[in-house]
Amino acid sequence: MTSAKQVSSTQLIWTCVALMLLLLLTVGLFQLPLGSAHLIAGLSIAFLKTLLILAIFMNLKGGSGVLRLTAAVGILWLCFAILGIISDYTTRGWQETLDPGLEQGTHYSSSDRVEASTAD
Amino acid sequence: MNRTSSIVAMQFDDSEQQHSAALLGMWIFLATEVLFFGGLFVAYTVYRYEYSDAFAEGSEHLAIWSGAVMTGLLLMGSLLIALSENVFERDHMHRVFWNLISTAVLGILFLSFEFYEYHDLIKHQLFPGAAFHWPEKQSTPLSGRSVEIYFVLFFCMTGLHALHMIIGISLVSGLAFYLRYSKNPRRLKNPLTVIGLYWHFVDIIWIFLFPLFYLI
Amino acid sequence: MATHQSYLSDGTTLRSWLMTLDHKRIAILYMVSLTFFFFVGGAAAVLFRLELITPQGDLVSSDTYNRLFSIHGIIMVWFFLIPAVPNVLGNFLVPLMIGARDLAFPRLNLASWYLFMAGGLFTLYVVIAGGVDTGWTFYTPYSSTYANSHVILAATGVFITGFSSILTGLNFIVTIHTMRCPGLKWFRLPLFIWSMYSTSLIMVLATPILAVTLALVAVERLLGVGIFDPGIGGDPLLFQHLFWFYSHPAVYIMILPGMGVISEIIPCFSRKPIFGYEFIAMASLAIAILGFLVWGHHMFVSGQSLYAGLFFSLLSMLVAVPSAVKVFNWTATLYKGSISLTTPMLYALGFIGLFTMGGLTGICLATLAFDVHVHDTYFIIAHFHYIMVGGMVMAYLGGMHFWWPKITGRMYSEWLGRINALIVFAGFNMTFFPQFILGYLGNPRRYHTYPGEFQVFHIMSTLGASILGIGYLLPLFYLLWSLKYGKRACDNPWDATGLEWATTSPPPAHNFRETPVIREPAYQYETPHSDSKNKPNPKTRLT
Ligand code: HEM
Ligand SMILES: [Cu+2]
């Protein structure tokens, strides 16, 4: 049988322990005053957990190359979507004309479209 | 693998081919699912970028400990289902049955926490739509609305996740009983693997939802 | 050997069709339903083309006009073009071409058809109930807040059909990966399979985004919250981003399969191996991947940042490269070939010309400055119809004529077929070429009235459309006619390579009597100068 080798039970249990520890770590880190670093910390730990689950629980470790590629493609395409779209939002309103005589482009983001009286 | 005991569908040459087709099919389905949730993650990214303060305010209405416990429940379930594949190989069908049942129970517990949380939010008039009420709504034009968007995303994303949980619980418990009463349980190897993958995937989605909604 | 009856005689009851798991029969189910939807969508087009004969709005009101073009777009895109080649020809041919007995998941395949029909029924209900007026693009906040037509119903129809195409894509990918017959290495696959594979990738990776986006529109409408409505805190551009993240790749769902068909027809009727096989195969994959990175070119003038615009403009130019590679390879295959102008070949040649027009104008549009001028004019309509109708519908018709003998075991009238190919080509150009001019002169799309000086172009366009209509109706008759009165087709009437031609016409229920084995690359046509030209290919492809 060429398909994936089983992962041993002890390995599975240790993985679960590691996942639980990571969970405690996230919650623990959140108690510290890290400000905007919380997002980075939370996401990195989530990524670590994901990798563990993918590799061990879902047995990509012993899986064929095609399966790994499929998993990678799913994540990569989501990154395409997020990065492509957020790159629009983050670059709005940057210097849009190099020619000093020309007027700057105006961008209306959703929050400045609403007059106070009509909101709600 | 015991060849005689598994029935190979007409279109396949042997059980090995059938097994790799089932695995690949499920992984592709999961890739699709990543993008299905992905649309919502994109929306989350954009609004978190635009309304970061509102998101912080909204998240204060969620109980971190509850989210953490829910994560723990899912992880336990994942462990059990992964173990049951090992046990299956050794033909302990009885233990497979109980592993699957426990996974399903953990899933139900998860949903109970989640629905309790929904209940609480609805009671505090934080369900988006006409009933949504945000006390500081009037202070700046959009503060109420942007917190509402946080809750729209919260309910959409966790709701879609809960829907997946419900499907997962039905699959897992259905499989458990099917295994128990099947004359030839070894046939169910592919379904077990595939349903296991699905469960782990739903787990991963929650692993991201937890920091994104609770830990802001 | 009476045991090997064809798949068509394997049960004749309605139930044996509606519950079939045979990919070939499911293909026929799709063929019948798609043809129906095509003519429903076409009927809407007839009505608005009639309206556009005069500059005033005298046949329909502006509101009806909006509903007509919306339903036309929705049906043609999701209920005809996207499923056309993959679900009809692909379903029929993928297992045959790779020497398999069926797709990997036959039940799932049947389920996709039922999902497709369920989505289709929603859409037909929308038509009966009074229509939807958002255009096929469902742009917010109009669709989510203001439109008082059946937006949710229409979105549900598209949502459900989306799952049909996801499941089909999944089925194809798994089948191509795991079920190729012995000796059929990746680079021996017919190019049609490569294009199906790339198309499936797009279906699987893009469609879920559309599904969730439409679901969000529905949530917004139902709850009255501002996900996409700027008035209450939402962001309409987010909708456009998500929509085009699906829909630009989806336009490649609508062309890649056509390219696959052409890659089969051209070498067969030039009697030459295809030029640059690997390049065409890789170009399909490149299109599938690059096609995901250019969606912003639909948003140049809608308020996206200039930098995103530049980036998307650049990448859009890049995506034209693999398409051009294919065009060059097809023409190089024609070069010095011994060309026979059969019906499928006429369609294929038409495809090359019209697709090139559409692709080149696409590059023009990807240029920021030019797009500002022609955005939302008839120029856009002409651009994408050159690709989707001039390209894909031509390819679909070409493919239908090419594989008709295999599918049905009958030959159609070659003479009528050729005449019809010319009618379609002429009608098409007469309909859509004037629209390039209209757009360039500034006639905006989606209005039922227009300034009088444009009338002559609109009249030409409507005239062309009626010729085109004949070109679409005629095959319906002579192909159906051939079912009963056509000459019986032999197993390989075009003397083509490819496994589908190695089995009987029509094939038996499980495709092959014994599993074929492949020993050589695809498209081993004799070069025209060798003297064995008319003999059957001496190298056995099958053992
Ligand atoms: C050669 C590569 C291509 C390029 C560079 C290209 C570029 C463009 C651009 C820039 C637009 C937006 C114009 C505007 O709205 O102002 C556009 C619209 C469109 N293109 Fe293409 N295109 C290409 C190929 C295709 C293909 C292969 C298809 C279909 C099979 C297609 C279908 C469409 C459609 C449907 C629209 C209009 C959508 C709408 O607004 O309703 N394009 N194209
Ligand atoms: Cu595009």
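Below, each value reflects all heavy atoms present in this structure, side chains not excepted, and no hydrogens, waters or symmetry copies. Every chain is numbered from 1 and lettered A, B, ... according to where its sequence line falls, protein lines coming before strand lines.
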Side chain to side chain donor-acceptor pair (under 3.5 Å) pairs, two or more places apart, involving residues 162-181 of chain B: B:Glu33-B:His164
Verdict with reasoning, C:Asp102 to C:Arg107, per salt bridge (charged side-chain N to carboxylate O under 4.0 Å, His left out): CA-CA 11 Å; C:Asp102 207 312; C:Arg107 253 173 252 283; over 6 Å; no
Neighbour count >12 (heavy atoms, 6.0 Å) for atom NE2, B:His61: yes
Chain B contacts, top residue of C:Leu170, C:Leu210, C:Leu21 (heavy-atom pairs, under 4.5 Å): C:Leu170
Under 4.5 Å from any heavy atom of chain B - which part of C:Leu216: side chain
Contacting region of B:Ala9 [heavy-atom separation from chain C under 4.5 Å]: neither
Part of C:His241 lying under 4.5 Å from any heavy atom of chain B: neither
Close side-chain approach of C:Tyr146 to C:Pro141, heavy-atom, < 4.5 Å: yes
Engaged part of C:Ile227 at the chain B interface, taking heavy atoms whose separation is under 4.5 Å: both
Heavy atoms of other groups near C:Tyr114 OH, more than 12 under 6.0 Å: yes
Validation row, ring centre B:Tyr44 to ring centre B:Phe37 under 6.0 Å: no
Contacting moiety of C:Phe239, where chain B heavy atoms sit under 4.5 Å: neither
Side-chain heavy atoms of C:Phe105 within contact of B:Gln11, under 4.5 Å: no
Contact winner vs chain B - C:Pro106, C:Gly224, C:Pro95, heavy-atom pairs under 4.5 Å: C:Pro106
Inter- and intrachain pairs under side chain to side chain donor-acceptor pair (under 3.5 Å), touching residues 210-234 of chain C, at least two apart: C:Ser144-C:Glu220, C:Thr145-C:Asp229
Ring geometry between C:Tyr139 and C:Trp244 (parallel below 30°, tilted from 30 to 60°, perpendicular above 60°): perpendicular
OH/B:Tyr116: more than 12 non-hydrogen atoms of other groups inside 6.0 Å: no
Parallel, tilted or perpendicular, as decided by the 30° and 60° cut-offs, for the rings of C:Trp78 and C:Tyr246: parallel
Option that, when pairs with chain C are counted at under 4.5 Å, heavy atom only, ranks first among B:Val34, B:Leu35, B:Val152, B:Leu153: B:Leu35
Residues 120-128 of chain B: residues contacting chain C (heavy atom under 4.5 Å, by number): B:Phe127, B:Pro128
Part of residues 194-205 of chain C lying next to chain B, heavy-atom separation under 4.5 Å: C:Val204, C:Leu205
Check: C:Ser247/C:Trp295 side-chain N/O donor and acceptor closer than 3.5 Å: no
Distance-only side-chain donor-acceptor flag, C:His23 / C:Asn91, under 3.5 Å: no
B:Phe213 and B:Phe55: CA distance, side-chain angles, deciding distance, ring-ring contact (aromatic ring centres under 6.0 Å, His included) verdict: CA-CA 8 Å; B:Phe213 283 105; B:Phe55 273 48; 7.3 Å; no
Residue part contacting chain B, namely of C:Ile209, when any heavy atom lies under 4.5 Å: both
Which of B:Gly25, B:Gly39, B:Gly129, B:Ala21 touches chain C most, by non-hydrogen pairs under 4.5 Å: B:Ala21
Stepwise ring-ring contact (aromatic ring centres under 6.0 Å, His included) test for B:Phe208 and B:His161: CA-CA 11 Å; B:Phe208 281 92; B:His161 177 263; over 10 Å; no
Part of C:Ala211 within contact of chain B (heavy atom distance under 4.5 Å): both
